[in-house]
Amino acid sequence: MKYLLWLIFAAPAGWLLGRYLTDMISYGQFIHGSGQWSVGFLLAALAVTPLRRLAPRAAWPRFLMRQRRAMGVACFGYAALHTLVYLERKWGAGLILPEAREPDLLTGWIALFIFFLLAATSNNTSVRVLGRGWKTLHRLVYPGAALTFAHWLMTTFDPTWALVWLAVLILMETIRLLRRG
């Protein structure tokens with residue numbers, strides 16, 4: 001089941017990358033698509049707790065809970081792919097460091113670093129070694145999400161979808177906080 005899930009999570013990346021490498025989509029379309037998939041997995045991972053609180057007796061939220069780490073790692077994977085294509089595109093132009101200092105891209109770099117830390121510690125060994133610190137570390141997902149949305153809002157030509165998904169995130173977090181107990 002685990003390998004099937006990873007195959008399903010990776011399929012859109014393969015499709016996007018294949019289309020980009022064969023010039024069926026542009027650089028901008030690839031960047032937009034990979035960023036949206038990253039945000040989608042981020043929101044899916046963050047939706048698990050609110051869904052579990054809304055349906056505490058249902059089996060499907062427990063299934064999602066068992067898949068939450070995989071969703072978080074997939075979020076990082078798509079963000080890393082997003083970044084690698086950006087780096088490949090900008091590498092020879094000497095634009096990476098000057099652009100990285102600008103707020104629109106700096107927010108993305110910081111979010112990527114946070115998600116790297118979370119992905120690198122999303123395994124049973126890290127949970128065991130870090131103990132209570134693991135949960136504290138993984139609460140960095142919230143500032144990482146805020147930085148992700150700041151990056152998206154500052155870099156997009158049309159902020160409509162960023163605002164829609166930000167509203168979904170705010171609603172989910174409101175449910176999570178109100179149904180805490």
Side-chain angles (χ1 to χ4, degrees), residues 2 5-6 9-10 12-13 31-54 61-87 96-97 99-156 159 161-181:
K2 177 171 72 171
L5 186 68
W6 279 110
F9 285 1
I31 290 296
H32 184 71
S34 58
Q36 281 192 322
W37 276 102
S38 181
V39 169
F41 279 109
L42 172 63
L43 290 178
L46 290 173
V48 172
T49 297
L51 290 171
R52 200 179 72 206
R53 290 188 177 154
L54 288 172
R62 287 191 297 278
F63 170 78
L64 291 176
M65 187 65 146
R66 290 189 303 272
Q67 310 315 317
R68 185 163 55 177
R69 278 196 234 165
M71 289 182 241
V73 172
C75 166
F76 170 72
Y78 279 89
L81 188 59
H82 177 86
T83 305
L84 288 172
V85 168
Y86 162 79
L87 290 172
I96 296 168
L97 290 177
E99 284 184 353
R101 291 189 291 257
E102 298 296 322
D104 57 343
L105 293 183
L106 183 59
T107 53
W109 283 110
I110 296 169
L112 181 69
F113 177 72
I114 289 170
F115 293 132
F116 168 76
L117 290 176
L118 301 182
T121 58
S122 287
N123 56 69
N124 292 335
T125 302
S126 294
V127 172
R128 194 171 43 258
V129 168
L130 294 171
R132 288 184 184 179
W134 186 88
K135 193 170 188 173
T136 301
L137 174 67
H138 279 255
R139 284 191 181 121
L140 286 175
V141 70
Y142 301 109
L147 288 163
T148 297
F149 277 96
H151 170 70
W152 190 3
L153 286 166
M154 288 189 281
T155 58
T156 190
W161 282 109
L163 293 170
V164 167
W165 289 113
L166 180 58
V168 169
L169 175 64
I170 291 168
L171 176 65
M172 287 187 323
E173 290 309 302
T174 300
I175 291 168
R176 184 180 71 83
L177 292 172
L178 291 177
R179 299 209 112 207
R180 187 177 225 157

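In terms of the side-chain hydrogen bond (donor to acceptor under 3.5 Å, both in side chains) criterion, His151 has no residue partners (sequence neighbours excluded). The ring pair (Phe, Tyr, Trp, His ring centres under 6.0 Å) check on Trp134 picks up His138, with sequence neighbours excluded. For Ser126, the side-chain hydrogen bond (donor to acceptor under 3.5 Å, both in side chains) criterion is met by Asn123, not counting sequence neighbours. Under the side-chain hydrogen bond (donor to acceptor under 3.5 Å, both in side chains) criterion, Asp104 pairs with no residue at all, not counting sequence neighbours. For Leu153, the side chain to side chain contact (heavy atoms under 4.5 Å, CB included) test picks out Pro159, Ala162, Leu163, Leu166, with sequence neighbours left out. Qualifying salt bridge (Lys or Arg N to Asp or Glu O under 4.0 Å) partners for Arg176, counting only residues two or more places apart in sequence or in other chains: Glu173. In this structure Glu102 satisfies the salt bridge (Lys or Arg N to Asp or Glu O under 4.0 Å) test with no other residue, sequence neighbours excluded. Listed by chain and residue number, nothing satisfies the side-chain hydrogen bond (donor to acceptor under 3.5 Å, both in side chains) test with Gln67 (two or more places apart in sequence, or in another chain).
Atom CH2 of Trp6 sits in a crowded spot, with more than 12 heavy atoms from other residues, nucleotides or ligands closer than 6.0 Å.
Not a single donor-acceptor pair under 3.5 Å links the side chain of His82 to the backbone N or O of Ser34. Checked by atom type and distance alone, the side chain of Thr148 pairs as donor or acceptor with a backbone atom of Gly144 at under 3.5 Å.
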Return all side-chain donor-acceptor pairs below 3.5 angstrom for residues 37-50, not counting sequence neighbours, or 'none' if the list is empty.
residue : atom : partner : partner atom : Å
Ser38   : OG   : Cys75   : O            : 2.9
Thr49   : OG1  : Arg68   : NH1          : 2.8

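Going from atom OG1 of Thr107 over to atom CG of Leu112 covers 11.5 Å, rounded to the nearest 0.5 Å.
In this structure, the side chains of Phe76 and Leu118 stay at 4.5 Å or more apart for every pair of heavy atoms.
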